[in-house]
Engineer: 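Provided herewith is a single structure, encoded as structure tokens, for subsequent inquiry.
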Amino acid sequence: MRDMLISADLLAWYDVHARELPWRVGPKEDRLPDPYRVWLSEIMLQQTTVAAVKAYFAKFTETWPTVQDLAAAEDADVMAAWAGLGYYARARNLLKCARVVAGELNGAFPDNREGLQKLPGIGPYTSAAIASIAFGQRETVVDGNVERVMARLYAEETPLPTSKPLLRDYAEAQTPKNRAGDYAQAVMDLGATVCTPKSPACGICPIRSHCNAQSQGIERELPKKLPKAAKPVRRGIAYVVRREDGAVLLETRPEKGLLGGMLGWPGTDWAETEPVSEPPIDADWITLNEEVRHAFTHFHLRLTVHVAEVRQDARAFRGGFVDPSDFRANDLPTVMRKVHALSSSS
DNA sequence: TACACGTGGCT
DNA sequence: TAGCCAAGTGT
């Protein structure tokens with residue numbers, strides 16, 4: 001039986017190869033990072049790549065340097081700043097969490113997993129990540145990277161998601177008493193840069209000698225996954241209304257559900273059936289030839305775009321007109337930006 | 001317990 | 001091109 005413990009080799013690798021990231025304190029620095037910045041980065045990094053997060057993290061920490069600043073922000077400003085990053089429930093919960101921490105906890109995040117996980121938007125992964133990275137607690141962090149590394153290390157052929165409890169057991173057995181935060185980040189760095197899903201770079205892997213999948217030559221086949229259901233196609237209509245003065249008709253979407261709390265063009269529901277037109281204002285409508293296509297997590301969307309010019313005194317049934325000086329396409333979620341781009345080019 | 005929930009980059 | 005994939009959480 002080979003020696004399966006990886007933490008020593010992995011930490012030695014991390015000391016040399018740790019990526020420099022804006023929310024990270026270097027492995028050689030003898031201090032812990034600001035919990036606010038750790039929390040903010042971990043929320044942004046949920047199901048989101050480092051490359052996508054960097055600009056948003058810079059914008060947020062510049063605009064709201066402390067949790068008190070963020071707690072005092074206007075909801076619409078935070079949603080606009082988050083626009084484009086996706087999973088907008090994260091932004092709504094981010095504000096809720098900031099207000100609890102600033103209001104009820106005197107600005108201090110809980111220093112342990114149990115306390116952290118009671119806060120909005122913080123689940124099993126994020127509570128362990130903050131507790132270990134920001135507070136030095138020995139907690140086991142399990143994300144997609146860790147699951148992949150453990151599946152290969154132990155040559156676990158049980159498919160995900162069935163294997164989740166097993167992989168967590170493996171991860172807990174590996175977590176060291178000391179430097180748990182560095183170790184957690186080291187496994188995630190390894191998964192992101194070496195033990196990648198498609199073509200793992202086993203030739204430069206610091207824990208290659210421990211890896212059962214590598215010795216069996218099955219690393220590219222792990223972790224196994226159950227097949228996913230095909231994505232249905234949904235259709236709808238988006239209405240772009242321009243007033244004589246250049247104002248555009250927008251509405252804030254309901255708090256719950258898809259794109260909740262975000263600005264968007266009025267439109268029909270999105271369904272697998274052909275949409276029935278329900279224009280938000282009386283006007284002469286023009287249907288654009290090209291349609292907007294967008295892929296969500298669980299369905300594909302095809303939006304037909306209807307545009308109209310209306311008089312200054314026109315009254316809408318829903319939504320509100322936004323002056324050109326107040327309108328920024330970047331405040332919209334991406335699918336709504338696509339609608340805007342198409343209507344502007346036509 | 002499944003499913004809802006975004007987006008952009010890569011293959 | 002279409003599917004896969006990413007530092008998950010809430011319901």
Side-chain angles (χ1 to χ4, degrees), chain A residues 18-19 21-24 37-57 79 82-94 96-97 116-134 139-149 160-162 164-165 168 171 181 183-193 195-200 220 223 225-234 253-262 264 270 292-301 330 332-338:
Chain A
R19 292 183 290 177
L21 300 172
W23 47 86
R24 184 175 276 183
R37 293 167 65 87
V38 173
W39 163 71
L40 180 61
S41 68
E42 290 299 342
I43 300 297
M44 288 183 166
L45 285 162
Q46 289 169 5
Q47 297 287 286
T48 309
T49 58
V50 165
V53 163
K54 280 183 175 174
Y56 285 85
F57 182 81
M79 298 312 288
W82 196 279
L85 196 56
Y87 283 132
Y88 299 99
R90 293 184 295 172
R92 302 194 296 274
N93 286 328
L94 187 81
K96 284 184 198 166
C97 182
L116 287 161
Q117 202 165 319
K118 290 177 183 156
L119 295 168
I122 299 183
Y125 163 77
T126 306
S127 61
I130 300 173
S132 63
I133 297 169
E139 294 290 356
T140 299
V141 172
V142 182
D143 72 336
N145 289 305
V146 175
E147 288 179 341
R148 183 170 60 257
V149 170
L160 285 166
T162 310
K164 276 178 178 285
R168 164 168 287 284
Y183 169 78
Q185 294 176 92
V187 188
M188 293 192 282
D189 270 17
L190 187 81
T193 64
C195 195
T196 53
K198 301 282 186 183
S199 298
R220 300 170 76 104
K225 297 192 177 186
L226 265 14
K228 293 172 184 171
K231 294 178 183 179
V233 176
R234 295 187 191 173
R253 299 172 61 87
E255 280 290 306
K256 295 201 170 185
L258 195 65
L259 309 180
M262 299 300 292
W270 301 340
V292 165
R293 292 187 176 214
H294 192 76
F296 288 96
T297 307
H298 52 295
F299 65 94
H300 293 281
L301 179 65
N330 278 351
L332 305 179
T334 297
V335 64
M336 298 297 175
R337 293 181 193 176
K338 289 183 181 177

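Values below: every heavy atom of this structure, side chains too, minus hydrogens, waters and symmetry copies.
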Engineer: Can you figure out which of dA6(C), dT7(B), dG8(C) approaches the side chain of Asp143(A) most closely?
Structural biologist: dG8(C)

Engineer: Give Val335(A) one of three labels, base, sugar-phosphate or nothing, depending on what nucleic acid heavy atoms sit under 4.0 Å from its own.
Structural biologist: sugar-phosphate

Engineer: Applying side chain to side chain contact (heavy atoms under 4.5 Å, CB included), can you list everything that pairs with Thr196(A), at least two apart in sequence or on another chain?
Structural biologist: none

Engineer: When rounded to the nearest Å, what value does the distance between P atoms of dG8(B) and dT9(C) take?
Structural biologist: 22 Å

Engineer: Shorter than 3.5 Å, N or O on both sides, protein versus nucleotides 9-11 of chain B: list them out with atom names.
Structural biologist:
none

Engineer: Base, sugar-phosphate, or nothing: which does Arg293(A) touch, judged by heavy atoms less than 4.0 Å apart?
Structural biologist: nothing

Engineer: What is the distance, rounded to the nearest whole Å, between atom OH of Tyr125(A) and atom P of dA6(C)?
Structural biologist: 13 Å

Engineer: For the base of dG6(B), is there a side-chain donor-acceptor partner from Thr297(A) under 3.5 Å away?
Structural biologist: yes

Engineer: Rounded off to whole Å, could you give me the CD-to-P distance for the Gln117(A) and dT9(C) pair?
Structural biologist: 7 Å

Engineer: Centroid separation under 6.0 Å, is that true for the rings of His298(A) and Phe296(A)?
Structural biologist: no

Engineer: So what does Ile133(A) hit on the nucleic acid, given a heavy-atom distance under 4.0 Å: a base, only sugar-phosphate, or nothing?
Structural biologist: nothing

Engineer: Output all residues satisfying side chain to side chain contact (heavy atoms under 4.5 Å, CB included) with Ala129(A), sequence neighbours left out; order by chain, then residue number.
Structural biologist: Glu42(A), Tyr125(A), Ile133(A), Val141(A)

Engineer: Kindly indicate whether the side chain of Tyr87(A) and the base of dG6(B) share any N or O donor-acceptor pair separated by less than 3.5 Å?
Structural biologist: yes

Engineer: Check whether the side chain of Thr48(A) and the base of dG6(B) form a donor-acceptor pair under 3.5 Å.
Structural biologist: yes

Engineer: Yes or no on side chain to side chain donor-acceptor pair (under 3.5 Å) for Arg24(A) and Gln185(A), after CA distance, side-chain angles and deciding distance?
Structural biologist: CA-CA 9 Å; Arg24(A) 184 175 276 183; Gln185(A) 294 176 92; 3.0 Å; yes

Engineer: Just how far, in rounded Å, is P of dA6(C) from CG of Leu85(A)?
Structural biologist: 17 Å

Engineer: Provide, to the nearest angstrom, the distance between the CD atom belonging to Glu147(A) and the P atom belonging to dA6(C).
Structural biologist: 9 Å

Engineer: What's the shortest heavy-atom distance between Pro22(A) and Arg37(A), and which atoms?
Structural biologist: O-NH2, 2.7 Å

Engineer: Taking side chain to side chain contact (heavy atoms under 4.5 Å, CB included) as the definition, give me every residue that meets it alongside Ser41(A), ordered by chain and number, with sequence neighbours left out.
Structural biologist: Trp23(A), Leu45(A), Phe57(A)

Engineer: Send over the distance from Lys228(A) NZ to dC4(C) C1', rounded to a whole Å.
Structural biologist: 6 Å

Engineer: So, does His294(A) get its side chain near the phosphate of dG6(B), meaning an N or O under 4.0 Å from OP1 or OP2?
Structural biologist: no

Engineer: With Pro227(A), which residues qualify under side chain to side chain contact (heavy atoms under 4.5 Å, CB included), at least two apart?
Structural biologist: none

Engineer: Heavy atoms under 4.0 Å, any strand shown: does Ala295(A) hit a base, just sugar-phosphate, or nothing?
Structural biologist: base

Engineer: Under 4.0 Å between a side-chain N or O of His298(A) and OP1 or OP2 of dC3(B)?
Structural biologist: no

Engineer: Using only atom types and a distance under 3.5 Å, with no angle test, would you say the side chain of Arg168(A) pairs donor to acceptor with the backbone of Val142(A)?
Structural biologist: no

Engineer: Of all of residues 37-46 of chain A, which get a heavy atom below 4.0 angstrom from DNA chain C, listed by number?
Structural biologist: Glu42(A), Leu45(A), Gln46(A)

Engineer: Should the pair Arg90(A) and Trp39(A) be classed as cation-pi, given the thresholds of under 6.0 Å to the six-membered ring centre and 45° from the axis?
Structural biologist: no

Engineer: What integer distance in Å separates Trp82(A):CH2 from dC5(B):P?
Structural biologist: 17 Å

Engineer: Look at the side chain of Thr334(A) and decide which nucleotide, out of dG8(B), dG8(C), dG3(C), has an atom nearest to it.
Structural biologist: dG8(B)

Engineer: Return the CD to CG distance between Gln46(A) and Asn93(A), rounded to the nearest 0.5 Å.
Structural biologist: 9.0 Å

Engineer: Need one value for Gly84(A): base, sugar-phosphate or nothing, where a base atom within 4.0 Å counts as base even if backbone is also close, heavy atoms only.
Structural biologist: sugar-phosphate

Engineer: Taking the side chain of Leu258(A) as heavy atoms from C-beta outward, which of dC5(B), dG8(C), dT7(B) is closest to it?
Structural biologist: dC5(B)

Engineer: Sub-3.5 Å donor-acceptor pair from the side chain of Arg337(A) to the main-chain atoms of Leu332(A), do we have one?
Structural biologist: yes

Engineer: Both Gly121(A) and Thr49(A) contact DNA chain C. Which one's nearest nucleotide lies toward the 5' end?
Structural biologist: Thr49(A)

Engineer: In whole Å, I'd like the distance from the CG atom of Asn93(A) to the C1' atom of dG8(C).
Structural biologist: 12 Å

Engineer: Given that Arg337(A) and Gly257(A) both sit by DNA chain B, which one's nearest nucleotide is further toward the 5' end?
Structural biologist: Gly257(A)

Engineer: Taking atom P of dG3(C) as reference, at what distance in whole Å does atom NZ of Lys225(A) sit?
Structural biologist: 16 Å

Engineer: Where the side chain of Pro197(A) is defined as all heavy atoms beyond and including C-beta, which of dT9(C), dC5(B), dA6(C) is the nearest nucleotide?
Structural biologist: dA6(C)

